[in-house]
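Residue numbers begin at 1 in each chain, while the letters A, B, ... track the order of the sequences.
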Amino acid sequence: MQWKSSLVAVAFAGVSLAAMAGTASAAGPTCKDGTIKVGAVSTITGPADFSEVPKATQAAFDAVNAAGGINGCKIDYTIADDKADPAVAAQAARDLIDNKEAVALVGSGSLLDCAVNSATYSRKKVLSVQGLGVDAACFSSPNVAPVNVGPYTLSTAMAYYATNQLKSEKLCAFFIIIGGTQEAYKKAIENWEKISGKKIHLIDLTLPFQGDLTPYVIKARDAGCDAVLTNQVEPQVVQLIKTVDAQKITGIKWLFLAPGYTEQVASALADTKQPIYVGTEWEPFTEKSSPANAQWAADMQKAGRPLTAFSQGGYLAAQLFLKVVASIDGEVTRESVTKALHEMQPITNPLAGSPYVFGTAKVHSPMQATKVMRLEKGAWTVETPDWVVLPRAK
Amino acid sequence: MNALLTSAVAGLTAGGTYALLGVCAVFTYRLVAVVNFTGAAIGTAGTFVLFALYEAGFPLWPSVLAGIAASTVVGVAIGFIMTRWFGEASASTKAAVTVALLVGIIAIGLRLTGGQHPHNMPELFPGSAFRLAGVEVTIASVLTIGLAALFTVLADLFLNTTKVGLNLRALADRPMAAELLGIRVQLLSLLVWGMTGAFTTFALMIIAPQRSPNFMTLSLLVVPALAAALVGLFRSFWRTLAGGIGLGLVEGMASSVDSISQYRSAIPFLVVLAVLLWSQREARWDEAR
């Protein structure tokens with residue numbers, strides 16, 4: 001009897017194995033060696049540190065891997081440091097693509113990855129779901145589609161907010177121009193002029209990266225600006241407002257982009273009475289209790305990562321990529337991932353105000369919405385509970 | 001015309017800073033024969049000690065003193081390196097060493113102070129002194145210009161009328177001979193390094209709230225300061241003072257002229273170039289060529 005029952009058991013196991021294999025081939029992604037290789041190029045050491053972005057992507061992938069992966073496939077994620085050096089960035093991208101055989105780049109955040117590597121990505125037919133698009137090339141390349149609004153669209157959106165909701169009549173714009181960003185910022189203002197039907201009162205593209213800002217705030221005052229939009233980054237935001245206060249200027253609303261939206265800026269400017277507004281890239285990260293932030297905050301805390309705006313970008317890139325991979329039927333390869341991203345339907349995520357889509361366009365900036373924060377007594381408060389969505393130009 | 005005057009006055013704050021740091025650079029050069037690129041960085045180190053203590057909740061003025069003490073130590077340490085290992089080196093080697101030290105200090109400073117993140121900067125002398133041509137001239141900028149003038153007068157008197165001043169000049173020109181004459185070379189040099197360190201720190205603490213509060217930006221104030229020192233050919237304190245203030249005024253005016261304002265930050269370099277070209281035609285620079 002013993003051998004008979006064993007035979008039945010073996011036969012039963014064989015049938016169920018065959019059934020499992022059948023379902024696997026019918027639907028869902030599969031992978032060789034049980035892994036899907038993904039990479040990111042990020043500036044970690046050097047003049048800036050964007051490592052929060054890919055580290056949040058990593059945390060999101062780790063969570064999926066811990067739960068068994070996507071259909072059994074674990075994500076093997078590699079973060080390369082480009083040190084803000086073009087040669088290192090180019091080498092890092094080639095290593096990820098050729099040696100690590102990454103199927104896509106997800107959650108990159110770098111000063112120069114797009115500018116240096118977008119041609120490589122096009123040539124190798126690999127796509128980058130950029131966690132934080134910084135340089136202009138991130139928004140003007142066929143193979144990169146950032147999950148953030150980016151400084152140029154955000155400039156247009158903040159100008160739109162100034163005239164549409166703050167009722168600014170004399171909007172002025174002061175920009176720091178680094179590298180080849182001049183055209184992109186000019187275009188951002190032109191787009192706003194088309195949308196609003198208004199003209200910019202004063203545009204100055206000579207704001208210094210370092211140096212005294214007194215002449216500039218005097219210029220804004222004497223030109224009669226009622227609102228000033230600038231792309232100053234963290235420390236310069238503080239410097240600008242301190243200079244404005246020293247010059248006893250009142251009656252101008254100061255609008256900044258996402259880099260100004262940090263806890264450090266808030267505490268450094270706790271004493272000022274100037275009206276300060278910043279545009280965010282995603283759901284405001286300081287709103288810890290916001291339902292839109294709940295899943296991100298929970299996952300970050302579980303992974304022991306800080307709750308910063310950068311980490312929202314990396315996390316969002318991971319979530320969007322995971323959804324696209326889950327929609328693939330068959331083996332996950334560079335070709336199938338590229339195809340899936342090209343053909344994907346727009347995906348909404350509560351962290352962002354616009355649905356994300358990669359698509360086959362020559363340039364990508366899918367994110368077109370911001371929430372505006374106001375600085376009051378050293379704390380950020382939400383000024384627009386609803387997303388400020390940029391309408392299409394007339 | 002009025003706009004030009006307004007923007008010139010707006011450049012005063014920067015001018016006072018350049019003058020003060022420039023005069024310190026000339027002081028260092030004349031006493032220890034080093035073109036010191038680390039001047040502003042030493043001051044920045046002390047300024048960040050002040051920020052750190054202030055942010056941690058310590059009272060303001062004891063934190064200022066602690067910051068000044070810290071940068072005096074940094075100044076003396078750099079002075080020790082310069083006198084101990086490069087005492088007999090040529091002027092260009094010494095300058096190159098201070099450039100290397102500057103890069104090192106900035107790298108360490110950026111790491112320790114959280115890179116680009118801004119800091120909570122206390123204003124030591126808040127408020128504005130008076131209004132001129134529609135610009136609030138702050139107490140801080142009046143104070144920097146005043147301190148620069150004071151330091152100029154004191155340095156001139158010290159070098160020309162006191163025995164210690166005379167000894168120090170001997171030390172800068174002929175360190176070996178000075179040592180043979182029984183002058184305590186090492187001690188006096190370290191004194192100079194410590195003193196200029198303390199002085200630049202106080203200057204930077206005054207102006208820091210008006211500048212971008214990160215380590216690199218403050219350290220690189222040395223560039224316009226050295227341009228001002230070059231206007232004084234690293235000799236004359238008065239011409240350095242005028243050079244620094246002039247540089248600030250020109251920068252301020254440049255920002256109101258659209259066609260040149262984007263090249264505004266290049267102005268110190270143009271000044272350096274112009275002064276070098278002008279000075280090169282003189283015979284006493286022959287050996288430098």
Novice: So, taking the atom named CG in A/D212 and the one named CD1 in B/I207, what distance separates them when rounded to the nearest 0.5 Å?
Specialist: 9.0 Å
Novice: Looking at chain B, which one of A/R221, A/K248, A/Q239 has the largest number of heavy-atom pairs inside 4.5 Å, strictly under?
Specialist: A/Q239
Novice: State, to 0.1 Å, how close B/V135 and A/Q247 come at their nearest heavy-atom pair, and which atoms those are.
Specialist: CG1-OE1, 3.5 Å
Novice: So which part of A/V265 gets closer than 4.5 Å to some heavy atom of chain B, the side chain, the backbone, both or neither?
Specialist: both
Novice: Tell me, side chain or backbone of B/T217 under 4.5 Å from chain A's heavy atoms, or both, or neither?
Specialist: both
Novice: For residues A/P215 and B/G252, report the shortest heavy-atom separation together with the two atoms involved.
Specialist: CG-CA, 4.0 Å
Novice: For the residue pair A/A246 and B/E136, what are the closest heavy atoms and their distance?
Specialist: O-CB, 3.5 Å
Novice: Minimum heavy-atom separation for A/T214 and B/A10, please, with both atom names.
Specialist: CB-O, 3.6 Å
Novice: Out of curiosity, B/R111 CZ to A/T45 OG1, how far, rounded to the nearest 0.5 Å?
Specialist: 6.5 Å
Novice: At a 4.5 Å cut-off on heavy atoms, which part of B/L220 comes close to chain A: side chain, backbone, both, or neither?
Specialist: side chain
Novice: Are there more than 12 heavy atoms of other residues, nucleotides or ligands under 6.0 Å from atom NZ of A/K273?
Specialist: no
Novice: Looking at B/G134 and A/I218, what are the two nearest heavy atoms and their distance?
Specialist: O-CD1, 4.1 Å
Novice: Can you say whether A/K219 sits under 4.5 Å from chain B via the side chain, the backbone, both, or neither, judging by heavy atoms?
Specialist: side chain
